[in-house]
Amino acid sequence: MTRVHNFNAGPAILPLDVVQETAAAVLDFNGTGMGIMEISHRSKEFDAMIKEAQADLLSIMNLSADEYAVLFLGGGASMQFLMVASNFLKTSADYIVTGVWAKKAYEEAAMLGDAKVSASSKETKFNQIPKTWNLNPDADYVHITTNNTIYGTEWKTLPETGNVPLVADMSSNFLSRPYDFGKCNLIYAGAQKNVGPSGVTIVIIKKSWMEKANEKLPTMLNYRTHIDNESLFNTPPCLPIYAFHRTMKWILKMGGLEAIQLHNEKKAAYIYDVIDKYSDFYKGHVVVKEDRSLMNISWNLPSAELEEKFVKEAKALNMVGLKGHRSVGGIRASTYNALPLESAEALANFMVEFYNNNK
Ligand SMILES: *Cc1c(COP(=O)(O)O)cnc(C)c1O
């Protein structure tokens, strides 16, 4: 089997080790004579695996299990847009709107209560992270989206929010760099960008914050249910959790988040360097360099025809997933954790060649 250069935005490339280990576990999970799709989520073998995945994640993030609970939930990151607001929006909440997903999170919350846009980069087509915001010191929480998958901007550090709890949608740069994760009361991420297949969403929640949560909620929407039942109130997505477990082992083997960040910086540099060198031809969407994402790189060519040609010729060279999101067009290369250095290098070389042939 040949693996292509996979620049898909999500579901996306996974480490080959993770894919192979998960494939093996579909046939036989840890010598049980049953596949991971066939074993009870309440068996001792599954229990040991899920607990190890939680512990590995907290150790990678440098968080303590006394303070934080790790949940594995269904419904995608989109479900968290409404769960966060259902549980914690009482008086009002602040949303920093930096792209399509951030806006969706805000819109869900606005259906449930008084959600406010405290900063937005919409006027400039989300080509940067706002540097000033209007935070209400009495807000129930502030919500940010640490990486904007479609436009390609990224928060390089988490903002200071004083006493106001910080909630972060980290779906598209989860575990791609170290952050001061302890600044957050709640972090969530759909697995399918950086930590596994679709089907599971990881939620990390500060347990003490639950004292402030709304009490009267449908069972499945209530974080308390999932904390008390250790993510086993309903049958969890067993196979995606196993792939997540293997991804945590892979991150540890790679040397943790500092090493992963270096690897991601090298890959992104290949592509941004070409964009900067041939800026008359390749127009990066993000204008503020420090806000450029290491995970999703978006740019335009001089015409839609050239963009189509670019995607087509890249495909002939085994590079897939380069078409920009349908809402913005252009080109997007997603360079998630699992993308090898060689793939970024191959794309950069192709970009130079394409420039020379089409300028
Ligand atoms: C992909 C993505 C989502 C949506 O994830 P689903 O799991 O499809 O609901 C939300 N937020 C961000 C930042 C994303 O990249």
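Both ligands and their constituent atoms are indexed starting at 1 by order of listing.
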A.B. asks: What protein heavy atom is closest to atom 11 (N) of ligand 1, reported as residue, atom name and distance in Å?
C.D. replies: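 Answer, as residue, atom name and distance: Asp169 OD2, 2.7 Å.
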A.B. asks: Looking only at protein heavy atoms, which one is nearest to atom 14 (C) of ligand 1, and how far off is it?
C.D. replies: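 For this ligand atom, the closest protein heavy atom is Lys193 NZ, 2.9 Å.
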A.B. asks: What residue and heavy atom of the protein are closest to atom 9 (O) of ligand 1, and at what distance?
C.D. replies: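 Checking every protein heavy atom, the shortest distance to atom 9 (O) of ligand 1 gives Ser78 OG, 2.6 Å.
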A.B. asks: Parallel, tilted or perpendicular for Tyr282 and Trp299, by the 30°/60° rule?
C.D. replies: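 Judged by the thresholds at 30° and 60°, the geometry between Tyr282 and Trp299 is perpendicular.
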A.B. asks: Could you check whether any heavy atom of Thr201 sits closer than 4.0 Å to an atom of ligand 1, since that is the contact criterion I want to use?
C.D. replies: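 False for this residue.
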A.B. asks: Among Gln192, Gln80, Lys104, Met170, which one has a heavy atom closest to atom 7 (O) of ligand 1?
C.D. replies: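 Residue with the shortest heavy-atom distance to the ligand atom: Gln192.
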A.B. asks: What do you reckon, does Thr145 have a nitrogen or oxygen under 3.5 Å from a nitrogen or oxygen of ligand 1?
C.D. replies: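 Between Thr145 and ligand 1 (N or O atoms, distance only) the closest approach is not under 3.5 Å.
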A.B. asks: Would Lys104 count as a cation-pi partner of Trp101, with NZ or CZ less than 6.0 Å from the six-membered ring centre and within 45° of the ring normal?
C.D. replies: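 Cation-pi check for Lys104 and Trp101: passes.
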A.B. asks: Do Lys116 and Asn136 get their side chains close enough for a donor-acceptor pair, meaning under 3.5 Å?
C.D. replies: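 Result is no, nothing qualifies.
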A.B. asks: Considering only heavy atoms of Asn147, which atoms of ligand 1 have at least one such atom less than 4.0 Å away?
C.D. replies: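 What qualifies from ligand 1 is 13 (C).
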A.B. asks: Say whether Thr149, considering both its backbone and side-chain N or O atoms, lies within less than 3.5 Å of an N or O atom on ligand 1.
C.D. replies: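 Indeed, backbone or side chain, Thr149 has an N or O that close.
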A.B. asks: Just how far is it from atom OG1 of Thr145 to atom NZ of Lys103, taken to the nearest 0.5 Å?
C.D. replies: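 Interatomic distance, Thr145 OG1 to Lys103 NZ, rounded to 0.5 Å: 12.5 Å.
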A.B. asks: For the residue pair Asn173 / Glu154, report whether a side-chain donor-acceptor contact shorter than 3.5 Å exists.
C.D. replies: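 Yes, a side-chain donor-acceptor pair sits under 3.5 Å.
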A.B. asks: Can you pull out the closest protein heavy atom to atom 5 (O) of ligand 1? Residue, atom name and distance to 0.1 Å, please.
C.D. replies: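 In this structure, atom 5 (O) of ligand 1 has Ala77 CB, 3.5 Å as its nearest protein heavy atom.
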A.B. asks: Mind checking whether Phe7 and His5 have parallel, tilted or perpendicular rings, split at 30° and 60°?
C.D. replies: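 Phe7 and His5: tilted rings.
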A.B. asks: Give a yes-or-no answer on whether the side chains of Asn134 and Ser118 include a donor-acceptor pair shorter than 3.5 Å.
C.D. replies: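 Note: Asn134 and Ser118 side chains miss the donor-acceptor criterion.
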